[in-house]
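One structure below.
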Amino acid sequence: MANMVLCDYRFLLVVAAVAFIYIQMRLFATQTEYADRLAAAVEEENHCTTQMRLLIDQISMQQGRIVVLEEERKRREQECAQLKDLVEELERKGLQRLTDKVPVAAVVIMACNRADYLERTINSVLKYQRSVALKYPVFVSQDGTHPDVRSKALSYDQLTYMQHLDSEPVETERPGEMVAYYKIARHYKWALDELFYKHNLSRVIILEDDMEIAPDFFDYFEAAAALLDKDKTIMAVSSWNDNGQKQFVHDPYALYRSNFFPGLGWMLTRSIWDELSPKWPKAYWDDWLRLKENHKGRQFIRPEVCRTYNFGEHGSSMGQFFKQYLEPIKLNDVQVDWKSMDLSYLMEEKFTKHFGGMVKKAKPVRGTDVVLKAYNIDGDVRIQYEDQPEFERIASQFGIFEEWKDGIPRTAYKGVVVFRYQTSRRVFLVGPDSLKQLGIEGA
């Protein structure tokens with residue numbers, strides 16, 4: 001019995017020892033596994049730490065590069081700003097030089113056979129053109145072969161000479177007509193075609209060989225060129241006032257719109273010439289330009305005080321006409337600063353109101369002896385006429401132009417002819433429909 005108990009005890013000890021050994025082995029295996037895992041974790045942590053340090057180093061390097069790039073960006077922005085300012089300055093200077101080189105308008109002096117008159121005209125033009133020569137190239141266009149005219153024109157280095165040689169015989173439309181009117185029309189068309197299409201000019205100022213110009217002639221036309229560009233209802237700009245005699249003008253700053261083509265020193269654009277050239281008349285070109293059908297509702301700009309003076313008494317058939325209307329013309333002698341003048345009142349939408357306001361304020365004068373009544377009134381006056389005969393009678397009493405063309409009195413705007421009388425007083429000769437056209441009906 002005792003042996004059996006001892007055996008059982010030993011067996012239990014063996015089992016316990018085996019179990020202990022197994023447990024120890026399992027614990028050792030688990031500890032080894034945990035140790036391996038811990039070592040792996042530590043290694044991974046070390047790797048992560050290393051990677052993080054590398055990343056931090058890279059971020060630091062990138063931040064440094066960002067700072068450098070930001071500084072580079074700012075430096076380049078400053079350089080770009082400086083370059084932009086430099087380019088703008090160069091463009092401004094270059095554009096100014098280019099503007100100075102692009103002509104405002106060519107000036108063409110139309111000549112034929114009066115060398116002495118041509119010399120006087122050229123000298124007058126060059127006197128005021130020298131300071132603006134690049135803006136206003138000068139041409140002399142001679143019709144025919146008169147040797148003195150040719151040699152006189154060629155004696156000036158400051159201008160370009162053109163010669164119109166036309167051997168085609170002239171056939172007048174009516175018996176007894178002067179051939180000269182046909183030749184003049186041909187010459188004008190040829191010269192303007194040459195200037196606009198061969199020389200590729202945008203504007204041309206036309207003078208005749210018996211004209212002198214005012215000191216502000218070129219400044220006036222430069223200001224007028226801007227009006228031509230802005231307002232397509234202006235057909236041309238003239239330096240002439242048919243009623244510009246000394247006794248009928250006062251204000252060198254005053255400009256007007258007119259339905260009557262003045263001529264005698266006038267500027268037109270290439271676009272207008274594109275329209276006129278194909279249908280240019282065989283003769284009497286100036287009267288043709290005064291026909292309403294050629295205006296198409298457009299008007300002309302004219303000054304109160306003329307910027308040209310026509311001295312051509314000799315060689316013409318207008319002796320009495322010259323004495324009465326041309327010789328007494330007042331040539332402006334005031335240097336007007338046209339660049340500082342606001343000429344927007346001449347735009348079509350403004351001028352009707354501007355001019356209508358002056359007419360409305362003028363005191364109406366009626367009955368006989370209108371000249372005496374006008375003289376005895378201090379301010380502006382207006383005198384109504386009902387038809388052409390009545391206008392001619394009133395105009396004759398004052399001494400202004402009586403002539404009409406195609407239903408339009410000389411210098412008229414919407415039937416109203418304005419001139420000064422004795423002093424600064426304006427006299428308005430008002431047509432039967434003028435107040436209605438001006439929007440002041442009932443005034």
Ignoring hydrogens and angles, tell me if any N or O in the side chain of Gln142 forms a donor-acceptor pair with the backbone of Met162 under 3.5 Å.
-> no
All side chain to side chain donor-acceptor pair (under 3.5 Å) counterparts of Arg410, not counting sequence neighbours = Asp242, Glu403
Residues Val336 and Asp219: closest non-hydrogen pair is O-OD2, 4.5 Å
Phe261/His295 under ring pair (Phe, Tyr, Trp, His ring centres under 6.0 Å): CA gap, chis, key distance, verdict = CA-CA 9 Å; Phe261 170 63; His295 296 178; 8.1 Å; no
Side-chain donor-acceptor contacts of residues 358-365 below 3.5 Å, not counting sequence neighbours, with atom names and distances?
none

Report the C-alpha separation of Lys292 and Asp406 in whole Å, then their side-chain angles, then the decisive distance to 0.1 Å, and conclude whether the salt bridge (charged side-chain N to carboxylate O under 4.0 Å, His left out) test is met.
-> CA-CA 7 Å; Lys292 294 176 184 176; Asp406 200 19; 5.4 Å; no
Can you sort out the partners of Tyr345 under ring pair (Phe, Tyr, Trp, His ring centres under 6.0 Å), two or more places apart, ordered by chain and number?
-> His354
Just distance, no hydrogens or angles: give the donor-acceptor pairs under 3.5 Å from side chains in residues 183-195, sequence neighbours left out.
| unit_1 | atom_1 | unit_2 | atom_2 | d |
| --- | --- | --- | --- | --- |
| Arg186 | NH1 | Asp166 | OD2 | 2.8 |
| Arg186 | NH1 | Glu168 | O | 2.9 |
| Arg186 | NH2 | Pro169 | O | 3.2 |
| His187 | NE2 | Ser141 | O | 3.3 |
| His187 | NE2 | Ser141 | OG | 2.7 |
| Tyr188 | OH | Glu208 | OE2 | 3.4 |
| Lys189 | NZ | Asp193 | OD2 | 2.8 |
| Lys189 | NZ | Ser277 | OG | 3.2 |
| Asp193 | OD1 | Trp273 | NE1 | 2.8 |
| Asp193 | OD1 | Ser277 | OG | 2.9 |

In this structure, are over 12 heavy atoms from other groups packed under 6.0 Å from Glu70 atom CD?
-> yes
N-O pairing of Glu77 and Lys74 below 4.0 Å = no
Any residue meeting side-chain contact (heavy atoms from CB on, under 4.5 Å) with Lys350, in chain and number order, not counting sequence neighbours | Ser344
Count the heavy atoms belonging to other residues, nucleotides or ligands that lie under 6.0 Å from NZ of Lys373, then report whether that count exceeds 12.
-> yes
Does the separation of the ring centres of Tyr181 and Trp285 fall below 6.0 angstrom?
-> no
Which residues share a ring pair (Phe, Tyr, Trp, His ring centres under 6.0 Å) with Tyr413, sequence neighbours left out = Phe351, Phe355
Work out which heavy atom in Leu118 is nearest to a heavy atom in Ala111; give both atom names and the distance.
-> CD1-CB, 4.1 Å
Hey, is the main chain of Glu177 close enough, under 3.5 Å, to the side chain of Thr172 for a donor-acceptor pair?
-> no
Test side-chain contact (heavy atoms from CB on, under 4.5 Å) applied to Glu390 - qualifying residues, sequence neighbours left out = Tyr385, Glu386, Asp387, Arg393, Ile394
Going through the checks in order, is the side chain to side chain donor-acceptor pair (under 3.5 Å) test met by Ser340 and Asp337?
-> CA-CA 6 Å; Ser340 67; Asp337 182 12; 3.1 Å; yes
Worked verdict on Phe221 versus Trp338 for ring pair (Phe, Tyr, Trp, His ring centres under 6.0 Å) = CA-CA 9 Å; Phe221 275 111; Trp338 290 106; over 10 Å; no
Any side-chain heavy atom of Phe419 sitting closer than 4.5 Å to one from Gln245?
-> no
Begin from the C-alpha positions of Tyr421 and Phe248 and carry the test ring pair (Phe, Tyr, Trp, His ring centres under 6.0 Å) through to its verdict.
-> CA-CA 5 Å; Tyr421 185 63; Phe248 300 129; 7.1 Å; no
Separation between CD of Gln397 and CG of Asp369, rounded to the nearest 0.5 Å | 7.5 Å
Between Asn294 (side chain) and Arg290 (backbone), is there a donor-acceptor pair under 3.5 Å?
-> no
State whether the side chain of Arg425 and the backbone N or O of Ile377 hold a donor-acceptor pair below 3.5 Å, judged by distance alone.
-> yes
Do the charged groups of Asp287 and Lys405 touch, with an N to O distance under 4.0 Å?
-> yes
Heavy-atom donor-acceptor pair, Arg270 side chain to Phe196 backbone, under 3.5 Å | yes
Under the side-chain contact (heavy atoms from CB on, under 4.5 Å) test, residues paired with Arg298 that sit two or more places apart = Met235, Ile272, Glu275, Lys296
Thr121 side chain to Tyr117 main-chain N or O, any donor-acceptor pair under 3.5 Å?
-> yes
Phe300-Phe260 aromatic ring centre distance below 6.0 Å = no
Answer yes or no: does atom NZ of Lys353 have more than 12 heavy-atom neighbours from other residues, nucleotides or ligands under 6.0 Å?
-> no
Start with the C-alpha distance between Arg120 and Glu212, add both sets of side-chain angles, then the distance that settles side chain to side chain contact (heavy atoms under 4.5 Å, CB included), and finish with yes or no.
-> CA-CA 8 Å; Arg120 182 173 169 182; Glu212 293 180 329; 2.8 Å; yes
Residues, nucleotides or ligands: over 12 heavy atoms within 6.0 Å of Lys279 NZ | yes
Residues two or more places apart in sequence or in another chain: which of them pass side-chain contact (heavy atoms from CB on, under 4.5 Å) with Asp231?
-> Thr233, Ile234, Arg257, Met347, Glu348
Atom pairs and distances, side-chain donor-acceptor, residues 303-311, under 3.5 Å, sequence neighbours left out:
| unit_1 | atom_1 | unit_2 | atom_2 | d |
| --- | --- | --- | --- | --- |
| Glu304 | OE1 | Tyr256 | OH | 3.3 |
| Glu304 | OE1 | Arg420 | NE | 3.2 |
| Glu304 | OE1 | Arg420 | NH2 | 3.1 |
| Glu304 | OE2 | His250 | N | 2.7 |
| Glu304 | OE2 | Asp251 | N | 2.9 |
| Glu304 | OE2 | Arg420 | NE | 2.9 |
| Arg307 | NE | Asp216 | OD1 | 3.2 |
| Arg307 | NE | Asp216 | OD2 | 3.2 |
| Arg307 | NH1 | Pro252 | O | 3.2 |
| Arg307 | NH1 | Val305 | O | 2.7 |
| Arg307 | NH2 | Asp216 | OD2 | 2.9 |
| Arg307 | NH2 | Pro252 | O | 2.7 |
| Thr308 | OG1 | Ser239 | OG | 3.1 |
| Thr308 | OG1 | Leu264 | O | 3.0 |
| Tyr309 | OH | Glu327 | O | 3.0 |
| Asn310 | OD1 | Gly312 | N | 3.0 |

Tell me the salt bridge (Lys or Arg N to Asp or Glu O under 4.0 Å) pairs involving residues 139-158, sequence neighbours left out?
-> Glu119-Lys152
Evaluate the criterion side chain to side chain contact (heavy atoms under 4.5 Å, CB included) for residue pair Leu207 and Ile213; output intermediate values, then yes/no.
-> CA-CA 9 Å; Leu207 295 174; Ile213 67 172; 4.1 Å; yes
Working for ring pair (Phe, Tyr, Trp, His ring centres under 6.0 Å), residues Tyr128 and Phe217 | CA-CA 8 Å; Tyr128 301 111; Phe217 177 90; 8.9 Å; no
Side chain Gln163, main chain Gly144, donor-acceptor under 3.5 Å | yes
Show me, pair by pair, the donor-acceptor contacts under 3.5 angstrom made by side chains of residues 426-442, not counting sequence neighbours?
| unit_1 | atom_1 | unit_2 | atom_2 | d |
| --- | --- | --- | --- | --- |
| Arg426 | NH1 | Asp380 | OD2 | 3.3 |
| Ser434 | OG | Lys414 | O | 2.8 |
| Ser434 | OG | Gly431 | N | 2.9 |

